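Lettering follows sequence order; numbering is per chain, from 1. Keep in mind that this is a model prediction, so the values were computed, not measured.
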There are 2 protein chains.
Amino acid sequence: MTKKNKNLSPEDVCGHKDGAAIRELLTRIGDKWSILLIVALSKMPKQRGRFSEIDRTIPGITQRMLTLTLRNLERDGMVTREVFPEVPPRVEYQLTNLGQSLLGPMQGFVDWVGSRWSDVRKAREKFDKR
Amino acid sequence: MTKKNKNLSPEDVCGHKDGAAIRELLTRIGDKWSILLIVALSKMPKQRGRFSEIDRTIPGITQRMLTLTLRNLERDGMVTREVFPEVPPRVEYQLTNLGQSLLGPMQGFVDWVGSRWSDVRKAREKFDKR
DNA sequence: CCGGATCCTGGTCGATACTG
DNA sequence: CAGTATCGACCAGGATCCGG
């Protein structure tokens with residue numbers, strides 16, 4: 001017997017109740033800078049660094065986008081923000097446990113890319129050859 | 001001794017040579033519909049279905065976006081497209097091995113969301129309360 | 001040093017209408 | 001049925017300037 005497809009809303013990704021959350025997460029870390037910030041922070045001593053430091057670590061990012069992306073990550077509990085009342089101002093960001101815990105799952109993708117990306121590139125070349 | 005940071009280009013995500021590829025992949029599956037299509041196809045018999053079938057499975061998607069997303073996935077070697085010269089036209093799409101192989105790594109994210117998403121939500125509420 | 005305020009541009013996506 | 005064509009809204013993100 002063929003099982004009838006239950007109506008799944010676009011939020012039910014994977015038929016999973018957290019589908020919407022999954023899509024949100026992918027959208028977030030799929031944006032232009034988030035993943036770079038997370039990785040950059042993860043490589044700093046104590047997974048911690050100040051604004052200008054992160055800025056220098058990530059070539060091409062503008063101050064605006066750095067601020068914005070950090071805010072989003074802070075809002076999501078991935079990083080903390082600590083302001084030191086000095087002159088000149090100093091602000092330090094640090095990866096939270098939550099943020100660090102994302103590095104694990106990410107490794108799955110990294111491995112996949114390592115083993116399969118060449119296939120994707122070949123597929124593209126073949127496809128574009130038309 | 002403190003190890004001096006090598007200049008890493010924005011393409012060197014994770015200090016990994018495939019960094020650009022990783023970002024590309026995340027951007028692709030982080031877009032609005034790709035992940036839904038992959039999952040939808042993976043649940044069909046033989047990971048295969050026709051255009052209208054997929055369309056009905058994914059509420060809210062427009063014909064335009066369905067076509068576009070399928071094209072992208074086809075170009076990346078994630079799905080195949082087979083046209084049957086009949087009237088009315090029939091076109092079937094099928095997940096490739098490559099496409100299926102992505103489901104594994106994805107599971108890591110799914111699990112992460114399952115165990116950690118509530119933390120994200122709590123962080124957001126706390127943050128927004130200002 | 002950090003980051004807010006503005007302005008602007010290109011790209012993504014939805015709506016709609018039309019074809020082989 | 002399975003698309004293509006066209007238009008327009010919206011928004012991510014870049015450039016730039018200013019301010020505590």
Once you round it to whole Å, what is the distance between P of D:dG3 and CZ of B:F84? 12 Å

Donor-acceptor pair, A:R23 side chain versus B:K32 backbone, under 3.5 Å? yes

Using whole Å, what does the distance between atom P of nucleotide C:dA5 and atom CG of A:L68 come to? 11 Å

Between A:E82 and A:R90, is there a salt bridge with N-O shorter than 4.0 Å? no

Under-3.5 Å donor-acceptor pair between A:R64 side chain and D:dG13 base: yes

Under the salt bridge (charged side-chain N to carboxylate O under 4.0 Å, His left out) rule, what do B:R50 and B:E92 come out as? Steps first, then yes or no, please. CA-CA 4 Å; B:R50 52 193 297 184; B:E92 291 193 2; 5.9 Å; no

D:dG3 phosphate, OP1 or OP2, under 4.0 Å from B:Y93 side-chain N/O: yes

Side chain of A:F51 only, please: which of C:dC1, D:dG13, C:dC2 is the nearest? C:dC2

CA sep, side-chain torsions, deciding dist, call: A:M106, A:I35, side-chain contact (heavy atoms from CB on, under 4.5 Å): CA-CA 9 Å; A:M106 285 250 320; A:I35 191 65; 2.9 Å; yes

Grab the CG-P distance between B:L66 and C:dT12 for me, whole Å please. 17 Å

Nearest-Å distance for atom pair CD1/P, residues B:I61 and C:dG14: 8 Å

B:E53 has an atom CD; how far is it from atom P of D:dA2, in whole Å? 9 Å

Which of the following nucleotides, C:dG14, C:dC2, D:dC1, is nearest to the side chain of B:T62? C:dG14

From the set C:dG3, C:dC1, D:dG14, return the single nucleotide nearest to any side-chain atom of A:W33. D:dG14

Heavy-atom nearest nucleotide on DNA chain D taken for B:R90 and for A:T69; more 5' hit belongs to B:R90

Counting side-chain heavy atoms from CB outward, which of C:dC13, D:dA2, D:dG14 is closest to A:K32? D:dG14

What integer distance in Å separates B:E92:CD from D:dG3:C1'? 16 Å

Integer-rounded Å distance: D:dA5 P and B:M65 CE: 16 Å

Contact under 4.0 Å: A:S52 side-chain N or O vs C:dC2 OP1/OP2: yes

Output yes when at least one side-chain N/O atom of B:R81 is less than 4.0 Å from OP1 or OP2 of D:dG3, else no. yes

Charged N-O contact under 4.0 Å between B:E24 and A:R124: yes

From the list D:dG20, D:dA2, D:dT4, which nucleotide is the closest neighbour of the side chain of B:R71? D:dT4

Within this structure, what is the CZ-to-C1' distance between B:R50 and D:dG3, rounded to whole angstrom? 13 Å

